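Report on the structure given below.
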Amino acid sequence: MPELPWVEKYRPRRLSEIVNQEDAIEKVKSWIEKWLHGNPPKKKALLLAGPPGSGKTTTVYALANEYNFEVIELNASDERTYEKIARYVQAAYTMDILGKRRKLIFLDEADNIEPSGAKEIAKLIDRARNPIIMAANKYWEVPKEIRDKAELVEYRRLSVRDVMNALIRILKREGITVPKDILYEIAKRSSGDLRAAINDLQTVVVGGYEDAKQVLAYRDVEKTVFQALGLVFGSDNAKRAKMATWNLDMTPDEFLLWVDENIPHMYLKPEEMAKAYEAISRADIYLGRAQRTGNYSLWKYAIDMMTAGVAVAGTKKRGFAKFYPPNTLKMLAESKEERSLRDSIIKKIMREMHMSKLEAIETMKIIRTIFENNLDLAAHFTVFLGLSEKEVEFLAGKENAGTIWGKALALRRKLKLTKREEEKVEEKVEEEIEEEVEEEVEEEAEEEIKEEEEKKEEEKPKEKRKGKQATLFDFLGKK
Ligand SMILES: Nc1ncnc2c1ncn2[C@@H]1O[C@H](COP(=O)(O)OP(=O)(O)OP(=O)(O)O)[C@@H](O)[C@H]1O
């Protein structure tokens with residue numbers, strides 16, 4: 001039997017086992033007890049907010065376990081969430097009779113609730129007859145209507161020591177030891193995300209920890225760039241920000257793309273955003289110049305511009321920041337339909353051009369420029385990749401899409417014609433081969449017949465001779 005993931009196997013079943021979130025747990029307990037004592041709290045929903053892997057989901061299940069609730073887990077990004085909440089929020093709030101348990105509604109990823117649905121969900125919370133607990137990493141992105149209806153419970157980011165202790169406890173129960181320095185490495189890399197740390201630990205143990213560093217290395221690139229972004233966007237301390245690129249396994253112009261991507265997400269005021277953009281565009285110019293001339297002082301100036309220059313541009317978002325890789329924000333801004341078009345185009349590029357996903361994403365950017373500027377080439381791509389009319393429109397924009405589509409149709413017809421011709425040639429060759437084979441077979445058959453006939457011919461005189469002998473014998477006998 002495959003081994004259960006340790007995050008599940010060792011998920012605390014009791015609230016008291018949850019590490020270093022005492023204040024949060026106290027709040028949750030007193031809130032649920034109000035429900036149990038028959039006077040639901042004023043705020044019928046609870047919003048657990050905090051970094052990933054800090055124990056929010058675990059709290060809900062341990063709570064349900066201790067107070068005998070059935071958890072109805074819903075996800076905010078599920079399209080039918082509203083419908084489901086509506087159903088369960090009104091479910092009879094009965095005690096544990098007839099084997100039925102009270103229901104506790106758990107809505108994860110509350111920071112993903114669509115603004116359009118938020119008002120409706122807020123109304124449902126008012127009417128709720130069952131406790132509703134929501135969880136979010138970024139509570140400020142939970143729609144305000146919902147935030148107002150919920151009591152906020154904040155979860156701390158777990159420390160390196162918390163994470164290490166939790167890992168050691170798991171190892172004890174597994175009866176395994178792992179060198180302390182590796183545990184420390186895992187804990188440090190996790191940035192307080194205990195889920196990530198436990199997963200890493202299991203990977204290392206299963207993979208043999210002789211090459212633990214290698215096993216863990218895959219996390220490094222992202223980790224360091226997020227840390228670097230943290231230095232740039234985490235404070236307005238220019239000195240700290242300048243250290244951002246020190247440990248970074250990435251060229252400055254690559255890192256610039258990351259900074260660029262996250263500026264609109266991190267800065268709140270347009271004029272400060274503009275200032276930050278100005279800093280990176282200046283950095284970009286100097287980076288280019290430094291590259292051409294090999295002038296180190298320009299290089300350093302460019303890096304300082306894009307780290308310190310951005311850091312001091314203004315007031316940034318507070319709290320837990322989630323950083324996005326280059327281009328994701330633009331992708332998020334797209335509608336669902338656009339996203340699915342983008343995905344299907346990327347898939348086609350991967351398939352037809354034999355590329356990895358990342359390569360395909362990059363290639364799509366180039367193809368997009370082609371679609372905007374070179375309609376003939378665009379038509380070729382349309383046919384080659386087998387794009388649909390909608391996909392062409394996505395790449396080229398409404399204006400050019402028609403022209404490209406027309407050209408592609410013509411091209412496809414032409415290709416079909418040449419294909420038809422090819423097929424004809426093929427058919428002809430096949431016919432010829434068939435004929436040849438037939439001829440051969442016929443020849444062989446003829447030969448066989450001939451041979452047989454010859455054999456028969458040969459046998460005939462024997463018979464004749466036999467006949468002759470017989471007659472002669474007879475004759476002699478008669479004699
Ligand atoms: N404070 C904690 N004490 C003990 N174990 C924890 C704690 N936080 C997380 N864990 C462990 O980490 C795993 C993930 O935790 P959990 O699912 O509760 O995270 P979360 O805060 O809900 O994260 P996310 O926001 O990513 O859903 C669980 O299996 C649990 O074992």
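Owing to the predicted nature of the structure, the values given are computational and were not obtained by experimental measurement. Every number for a ligand or one of its atoms is a count from 1 in the order of the listing.
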Can you list the residues that meet the salt bridge (Lys or Arg N to Asp or Glu O under 4.0 Å) rule with K34, with sequence neighbours excluded?
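Salt bridge (Lys or Arg N to Asp or Glu O under 4.0 Å) list for K34, sorted by chain: empty.
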
Output yes when the distance from some N or O of ligand 1 to some N or O of [X] is under 3.5 Å, and no in every other case.
X	answer
G53	yes
T57	yes
R195	yes

What's the shortest heavy-atom distance between N137 and P51, and which atoms?
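Residues N137 and P51, closest heavy atoms: ND2-C, 3.8 Å.
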
Quick one: does [X]'s side chain have a donor or acceptor within less than 3.5 Å of a partner on [Y]'s backbone?
X	Y	value
D284	I280	no
K316	A311	yes
R147	E145	no

State if A135 counts as touching ligand 1 under the rule of any non-hydrogen atom under 4.0 Å.
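In this structure, A135 fails to qualify as a contact of ligand 1 - no heavy atom is under 4.0 Å.
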
At a 4.0 Å cut-off, with the gap strictly under it, does some heavy atom of A166 reach an atom of ligand 1?
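For ligand 1, residue contact (heavy atoms, under 4.0 Å) with A166 is absent.
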
Residue, atom name and distance, where the atom is the protein heavy atom closest to atom 7 (C) of ligand 1:
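Nearest neighbour among protein heavy atoms for atom 7 (C) of ligand 1, to 0.1 Å: L194 CD2, 3.6 Å.
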
Ignoring hydrogens, just give me the one of R11, K56, E22, E109 whose non-hydrogen atom is nearest atom 31 (O) of ligand 1.
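Heavy atom nearest to atom 31 (O) of ligand 1 belongs to R11.
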
Would you tell me which option among V7, V19, T58, I170 has the nearest heavy-atom contact to atom 3 (N) of ligand 1?
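Closest candidate by heavy-atom distance is V19.
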
If the condition is side-chain hydrogen bond (donor to acceptor under 3.5 Å, both in side chains), which residues does K348 pass it with, not counting sequence neighbours?
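side-chain hydrogen bond (donor to acceptor under 3.5 Å, both in side chains) list for K348, sorted by chain: E391.
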
Just checking, any donor-acceptor pair under 3.5 angstrom between side chains of E154 and Y139?
no

Considering only heavy atoms of [X], which atoms of ligand 1 have at least one such atom less than 4.0 Å away?
X	answer
G55	7 (C), 8 (N), 9 (C), 18 (O), 19 (O), 20 (P), 21 (O)
I18	1 (N), 2 (C), 3 (N)
Y10	31 (O)

Measure the acute angle between the ring planes of F381 and F371, then classify it against the limits of 30° and 60° as parallel, tilted or perpendicular.
tilted

Cation over ring, R368 on F394, under 6.0 Å and within 45°?
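Positive - R368 is close enough to the ring of F394 and near enough to its axis.
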
With heavy atoms under 4.0 Å as the rule, classify the contact between N137 and ligand 1 as side chain, backbone, both or neither.
side chain

Pick one of side chain, backbone, both or neither for how Y155 approaches ligand 1, counting any non-hydrogen atom pair under 4.0 Å.
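For Y155, there is no contact with ligand 1 at all, from either part.
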
